[in-house]
Amino acid sequence: MLFALSFCACVSVMILISHSQKTIDSNRRLGHYGSMILSVNPENPQKRLITRVCEVLEQGGLIAYPTDTFYGIGCDLMNKKGIQLIHKLKNRPLKQPFSILCDSLKEISRYAKVSNYAYKTMKRCLPGPYTFVLDATQLVPKIMLTKRKTIGIRVPDSAICLAIVKTLGRPIISTSAGKDEPYAIEEAFAPYLGLVVDGGPINPEPSSVISLIGDVPEVIRKGKGDVSLFL
């Protein structure tokens with residue numbers, strides 16, 4: 001009888017240890033074990049680190065990351081729960097969707113309707129600190145569309161951003177973290193984030209927003225990108 005109780009106790013401890021180890025391993029994969037800050041070379045991003053970032057995104061996690069205009073928060077474009085969580089985090093209505101990051105004009109053409117004029121215009125400006133508003137294609141989730149079924153799209157001049165999107169194989173959401181330093185972002189949003197990608201200091205300034213719906217450009221917001229091309 002004593003042997004049976006001891007055996008059961010040992011089994012229970014082994015199960016508990018196994019479960020705890022799985023939890024720790026899971027937290028490590030999602031960046032929740034210890035510091036979630038991941039330092040990445042902004043000029044030549046390490047492939048293994050970018051792969052780790054994409055693993056978090058593929059599992060539905062949120063990341064903070066550097067762009068050419070600010071530190072942003074984002075998730076996989078195709079993860080509805082992640083998008084809803086970012087709206088909650090930013091206290092922003094679902095009727096006000098975020099912009100997305102692509103890695104090339106070719107990828108933009110998959111998610112937006114691009115006229116010849118729009119293509120030539122974006123080719124001159126991208127990668128760069130611009131957000132272009134275009135009519136969306138059916139590949140864009142409805143939760144990301146405005147009432148007019150348009151989408152804001154960026155190709156930032158950031159090696160880290162481009163590497164993440166290219167490795168993931170699809171766009172990511174882009175919204176400002178509202179903080180300029182990785183540790184401040186971790187402190188403010190740790191319960192929500194899987195990883196904070198540290199790409200060094202950034203002088204925050206919003207992108208210029210240009211509507212290219214039709215063949216007459218409209219400057220919606222003046223930002224870091226030179227808008228004299230569109231005036």
Side-chain angles (χ1 to χ4, degrees), residues 22-90 97-112 126-127 131 137 139-141 143-144 151-177 179 182-183 185-186 189-200 202 207:
K22 287 180 180 179
T23 301
I24 291 172
D25 290 342
S26 176
N27 285 337
R28 279 174 173 160
R29 287 196 298 272
L30 292 175
H32 291 151
Y33 189 76
S35 176
M36 62 177 60
I37 295 177
L38 187 69
S39 295
V40 177
N41 188 316
E43 304 295 332
N44 187 24
Q46 303 92 321
K47 290 183 179 180
R48 62 181 179 82
L49 299 182
I50 296 299
T51 297
R52 181 179 170 189
V53 174
C54 290
E55 287 174 351
V56 172
L57 291 169
E58 288 172 345
Q59 293 175 22
L62 306 188
I63 64 168
Y65 57 92
T67 72
D68 55 351
T69 54
F70 49 62
Y71 268 91
I73 292 177
C75 67
D76 183 344
L77 172 62
M78 299 304 172
N79 189 274
K80 184 177 180 180
K81 289 184 178 180
I83 295 171
Q84 291 173 331
L85 182 57
I86 295 176
H87 275 278
K88 181 179 179 181
L89 185 154
K90 296 284 289 186
F98 302 108
S99 59
I100 64 174
L101 302 187
C102 293
D103 70 344
S104 64
L105 281 170
K106 182 178 180 180
E107 186 171 47
I108 286 179
S109 65
R110 296 187 63 216
Y111 296 92
L126 299 177
T131 299
T137 67
L139 286 180
V140 179
I143 193 174
M144 286 297 299
I151 186 76
I153 296 184
R154 294 203 61 207
V155 179
D157 188 14
S158 164
I160 290 176
C161 284
L162 299 181
I164 291 172
V165 175
K166 186 173 182 179
T167 301
L168 183 66
R170 51 191 174 272
I172 61 174
I173 305 302
S174 177
T175 182
S176 171
K179 307 286 182 181
Y183 286 96
I185 295 172
E186 179 186 36
F189 304 116
Y192 300 94
L193 300 177
L195 280 178
V196 177
V197 180
D198 183 355
I202 295 176
S207 64

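Positions are given from 1, in the same order as the sequence printed here. For the numbers below, each heavy atom of this structure counts, side chains included, while hydrogens, waters and symmetry mates do not. Treat the numbers as computed from the prediction; the structure is a model and nothing was measured.
Nearest heavy-atom pair across Met36 and Gly194 is CB-O, 3.9 Å. Summarising the geometry of Ile202 relative to Thr67, their closest heavy-atom pair is CD1-O, 3.3 Å, with the distance given to 0.1 Å. Here the shortest heavy-atom pairing between Leu57 and Gly74 reads CD2-O, 4.3 Å. The two residues Cys161 and Pro66 have their closest heavy-atom pair at SG-O, 3.0 Å. Minimum interatomic distance between Thr137 and Ser109 (heavy atoms only, all atoms of both residues): CG2-O, 4.4 Å. Summarising the geometry of Arg52 relative to Leu38, their closest heavy-atom pair is NH1-CD1, 3.2 Å, with the distance given to 0.1 Å.
With hydrogens and angles left out, the side-chain atoms of Thr131 and Ser207 include a donor and acceptor closer than 3.5 Å.
Residues Pro171 and Glu107 have side chains in contact (heavy-atom distance under 4.5 Å, counting atoms from C-beta outward). The shortest side-chain heavy-atom distance between Phe189 and Leu89 falls under the 4.5 Å cut-off. For the pair Pro156/Phe70, no side-chain contact is recorded, criterion being any heavy-atom separation below 4.5 Å from C-beta on. Looking at heavy atoms from C-beta onward, Leu162 lies in side-chain contact with Val155 at the 4.5 angstrom threshold. A heavy-atom distance below 4.5 Å is found between the side chains of Arg154 and Asp68. Considering only heavy atoms from C-beta on, Leu101 stays 4.5 Å or farther from Ile164 through its side chain.
Under the 3.5 Å distance criterion, the side-chain polar atoms of Tyr71 are matched with a main-chain donor or acceptor of Gly199.
Shown here is Lys166, whose NZ atom has no more than 12 heavy atoms of other residues, nucleotides or ligands within 6.0 Å.
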Please lay out, stage by stage, how Glu186 and Leu193 fare under the test side chain to side chain contact (heavy atoms under 4.5 Å, CB included). CA-CA 8 Å; Glu186 179 186 36; Leu193 300 177; over 6 Å; no
Evaluate side chain to side chain contact (heavy atoms under 4.5 Å, CB included) for Leu126 paired with Ile108, printing each intermediate quantity in order. CA-CA 11 Å; Leu126 299 177; Ile108 286 179; 3.9 Å; yes
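Remark: Glu58 CD to Thr167 OG1 distance equals 9.5 Å, nearest 0.5 Å. From Ile86, atom CD1 reaches atom CD1 of Ile173 across 6.0 Å, with rounding to the nearest 0.5 Å. Leu77 contributes atom CG, which lies 9.5 Å from atom CG of Leu168 (distance to the nearest 0.5 angstrom). To the nearest 0.5 angstrom, Ile153 atom CD1 is 9.5 Å from Tyr111 atom OH. Distance check: Met144 CE to Ile100 CD1 gives 6.0 Å after rounding to the nearest 0.5 Å. Atoms CD1 and CZ, on Ile73 and Phe98 in that order, are 9.0 Å from each other to the nearest 0.5 Å.
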